[in-house]
Structures are given as structure tokens and as C-alpha cells.
There are 2 protein chains.
Amino acid sequence: MPSNKDYEIELEKLDGARNRFITEIAKNIHLYNITPSAGRLYGTVFFSEEPMTLDEMSRALGMSKTSMSTGIRSLLEANMVERVWERGIRKDLYKVEDDWYKSFSNVFINRWRNATELNMGAIQETKEMLLHLKEETGFDDVLEKVETDLEKLEEAENYYIWLTDVISLFESGKIFELVPKRTKKTLK
Amino acid sequence: MPSNKDYEIELEKLDGARNRFITEIAKNIHLYNITPSAGRLYGTVFFSEEPMTLDEMSRALGMSKTSMSTGIRSLLEANMVERVWERGIRKDLYKVEDDWYKSFSNVFINRWRNATELNMGAIQETKEMLLHLKEETGFDDVLEKVETDLEKLEEAENYYIWLTDVISLFESGKIFELVPKRTKKTLK
DNA sequence: AAGTTTGTTCAGTTAAAACTGTACGTAATA
DNA sequence: TATTACGTACAGTTTTAACTGAACAAACTT
């Protein structure tokens, strides 16, 4: 008959299985600009049956509460976890955002949109500086270099416009028409 | 009349303009898993009229040749620069890959494909461990947790299948049918 | 074969990021 | 108002990543 010790052993096994996945997530989550530690945190909250408090996370990972605080904030900003309220509980509770499509899209959009805007801004400024130089220079050599640079920058600009279009594909949700979500389990 | 000093000044200005863009690239290139230093290196090669040697890069950036070597290798692996040969020159020469669409696609594909495969592998293994546990357990509590976990993992699996489809969109080049490249200069 | 030139490996150093414990501010409870 | 519970800022420490110079290996030159 099943003893209390068997139960402990099985919980160990459950933990081991969960850990296999958590460890892998932690290794790859840098793609979301998130540290491996915060990745383990994410995995822990992912498998938790209930939303977790900072203290529970701290205990589960054997790390300081401060780290949990900063870790969960980075996950929050990446829209990978969300805060939930439960009446009677004063502590902050967190659960994972369970729409992974949304998490991916959010991160993808925010990061690339931001970089694209900054780079396009820089291109504009650089172009203006070059155009000034182009007008005032009397040296053929300089003129030639300026013109080559302007061409390069315009090619880069075209690329960024394309990238903006790609980002919009995800932002508008149109990507899901082109590449539909999978909902049923596929055959092994 | 234009003096030698004017020429120097104009070259300074050219350098300043280029630097504006290089600095911005360096700030955002972490999206490609590339360090800011290697980002500056990329920008420097980008504006160079001729393919550059490691020694030239070292001089241009005021950094060690060792750093140039590792930096250029990371750019090479990301398909952002390429090596070119010129007869009579023994040193390695590098220029930027000028198809930025290709660079982006390469990086996007490689990074996400790799992470996706690893994560899907981990999901499979975790599922197998859980299925074993499911068969052997006699505790309702354990059974329930295992089943919840299996459901979560299957949802995650669906997401990764979708992501694989998205990656294929870029890998096959089909993305360019859906979001065409921009080739003409757009209006200001 | 001896001597150069060139890129890379490796050990040590410097710079940056992650993590911790204490202390603090705010809000709930008494 | 005093007390407790909670999350976060901050300063200091530890860990990790970036960078350098010296030594090495491979390939070219003489």
C-alpha cells in the first residue's frame, strides 16, 4: 500500500520532470532579453498550480526576495507574467500570461519597433549632416564619399521600412491569418 | 580658396556624421546577440569604402587586434559581414553583407529555430517523465498535478509549432511575397 | 630551411551585470 | 497613533563577460 514516503518520492519525480523544462527555458530566454534566473522564475510560476507571492518564489528558488522583485518586474514588462488579485490576500500575486502567442508578439513588437525607430532617427540625422556637408564642400573626394554614404543609408532606410511592415504584421494580428494558431494536438 | 586645413575639417565632419549612425547601431545591435563593441566594428566596416583588414579595424577603433578578431567572427557567424579576397593581399579582408534583409532573416531564423528545437525537445522529455509518473502513481493528488502539467505542456507545444511555421515563412522567403521589399526611395 | 607575416589561443585583468541584505516608504491592521 | 506586513532603492559583494598582451601555429617569402 502507498506510504507517505512513496508520496514524497513521487513529488520529487514531479519536480524533476518540471525542472527539465524549466532548465531549458532558462537557457533560451535570453532571446527575450531576460536573465536565466528570471527564466527559472518564469518556469516556476508556469508550473505553479496557484498564483505565487514573492515570498513563495523566494523560497522555491532559494533566492533573495529582492531578486524576485526585480525578476518578476522584467517578466511583467515583457508581458510574460501578470499580476492577479485575490480577495483577502495583501501580497502581490503573479501568474504567467498563458497566451504565449501574445507574449511572443509583444516582445517581438516592442523590441524591434523600438530599435527600428531609433535607427531610422539616426539615419535621418546622419543624412542631414551629410547633406550639409555636400552643399558646402569644394572637394571632389569628399563629395564622392558623401554621396556613397547617402546611398548606403537610403538602402538601410528601405530595409527598416520593410521591417516596420513586418512588425505591423504581428501588431495587427494579421500574422495569425497567414500562419494560423495550432489548437489541436498533432500526431506523434 | 579651399585649403588643406578645410579638407581636414570636412573629413572630421564626415566622420562625425558617420559616427552618429554607428553609435545608434552599437546601441541596438544586442538584438542580434552582438556586443556594442562589435556593433561599432560593424558600423565602421559599413562606411568603409574598401574592405578592411583586422589591422585597419584595430587602428580605426583604437582596440586590440584580438578584439577585432573575435568581434568580426561574431559578425561573420551572424552573416552580417563576409570575407572577401583580393589578389596580392595576404591579410583577411572583410566587408558588410549588404543585403540587410538576408542578415535579418539569417539571424532571426537561426536564433529562434535553435531555441524552438531545444524547447520542444525538453517538452517531449518532460512529457515522457510525467507519463511514467502518471502510470505508476496511486495518489489522486499527484495524478491531478501531472495531468494539469501535461495540458500546459501541450499548449506550449502548439505555440512552438506555430513559431516553427513563422520561422519557415522567413526561411522560405515567402515573407517577401507577403511583405515586399522596398526598393524605391519614399517621399520625405 | 630560416625568417616574416598574420590570425588565433590562452591567461590575466578590467569592466559590467547579477545578486544579496539592510534600510526605507507605504499601506493595511489594531 | 502605533504596529505590522509588504515591496523596492540602494550600497556593497560576487559572478560573469569583455578586453588585452604575450605566446603560438600556420602559411607565405626569401
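So you know, we letter chains A, B, ... as the sequences are listed, proteins then strands, and number each from 1. Here the structure is a predicted model, which is why all the values come from computation and not from measurement.
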What pairs of nitrogen or oxygen atoms, one from the protein and one from nucleotides 24-26 of chain D, lie under 3.5 Å apart?
none

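- For the pair Leu54(B) CG and dT5(C) C1', the computed distance is 13 Å after rounding to whole Å.
- Scored by the salt bridge (charged side-chain N to carboxylate O under 4.0 Å, His left out) test, Arg18(A) finds Glu49(A), Asp149(B) as partners (sequence neighbours excluded).
- Between Asp92(B) atom CG and dG7(C) atom C1' there is a gap of 7 Å when expressed in whole angstrom units.
- For Leu93(B), the side chain to side chain contact (heavy atoms under 4.5 Å, CB included) partners two or more places apart in sequence, or in a different chain, are Pro51(B), Thr53(B), Val84(B), Glu86(B), Ile89(B).
- The distance between atom CH2 of Trp85(A) and atom C1' of dC6(D), rounded to the nearest whole Å, is 15 Å.
- One can place CZ of Arg87(B) at 16 Å from P of dC28(D), the figure rounded to the nearest angstrom.
- Look at CE on Met52(B): it is 13 Å from P on dG7(C), rounded to the nearest Å.
- Side-chain nitrogen and oxygen atoms of Arg73(B) include at least one within less than 4.0 Å of the OP1 or OP2 phosphate oxygen of dT9(C).
- For Phe47(A), there are no ring pair (Phe, Tyr, Trp, His ring centres under 6.0 Å) partners two or more places apart in sequence or in a different chain.
- Taking the side chain to side chain contact (heavy atoms under 4.5 Å, CB included) definition, one finds that Leu11(A) meets it with Tyr7(A), Leu14(A), Val142(B), Lys145(B), sequence neighbours left out.
- The salt bridge (charged side-chain N to carboxylate O under 4.0 Å, His left out) test applied to Asp55(B) returns Lys65(B), Lys91(B), not counting sequence neighbours.
- For the salt bridge (charged side-chain N to carboxylate O under 4.0 Å, His left out) test, no residue two or more places apart in sequence or in another chain qualifies with Glu144(B).
- Between the CG atom of Asp55(B) and the P atom of dT4(C) there is a distance of 18 Å, given to the nearest Å.
- Contacts between residues 42-51 of chain B and DNA chain D, defined by a heavy-atom separation below 4.0 Å, involve no residue at all.
- Grouping Ile, Leu, Val, Met, Phe, Trp and Tyr residues whose side-chain heavy atoms lie under 4.5 Å apart, directly or via other members, leaves Leu143(B) alone, with no other cluster members.
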Checklist outcome for this item: In B/S/- notation (B base, S sugar-phosphate only, - none; protein heavy atoms under 4.0 Å), nucleotides 15-30 of chain C written 5' to 3' is ---SSBBB-----SS-
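- Per the geometry, NZ belonging to Lys91(B) stands 15 Å off C1' belonging to dA27(D), to the nearest Å.
- Every side chain to side chain contact (heavy atoms under 4.5 Å, CB included) that Asn28(A) has, sequence neighbours left out, goes to Glu24(A), Ala115(B), Leu118(B), Asn119(B).
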Next on the checklist: Between Ser69(B) and Thr66(B), does the side-chain hydrogen bond (donor to acceptor under 3.5 Å, both in side chains) criterion hold? Intermediate values first, please.
Outcome noted: CA-CA 5 Å; Ser69(B) 178; Thr66(B) 306; over 6 Å; no
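- With sequence neighbours excluded, the residues that form a ring pair (Phe, Tyr, Trp, His ring centres under 6.0 Å) with Tyr32(B) are Trp112(A).
- With rounding to whole Å, Ile72(A) atom CD1 is found 17 Å from dC6(D) atom P.
- At a cut-off of 3.5 Å, with distance as the only test, a side-chain donor of Glu10(A) or Thr137(B) sits close to an acceptor on the other residue.
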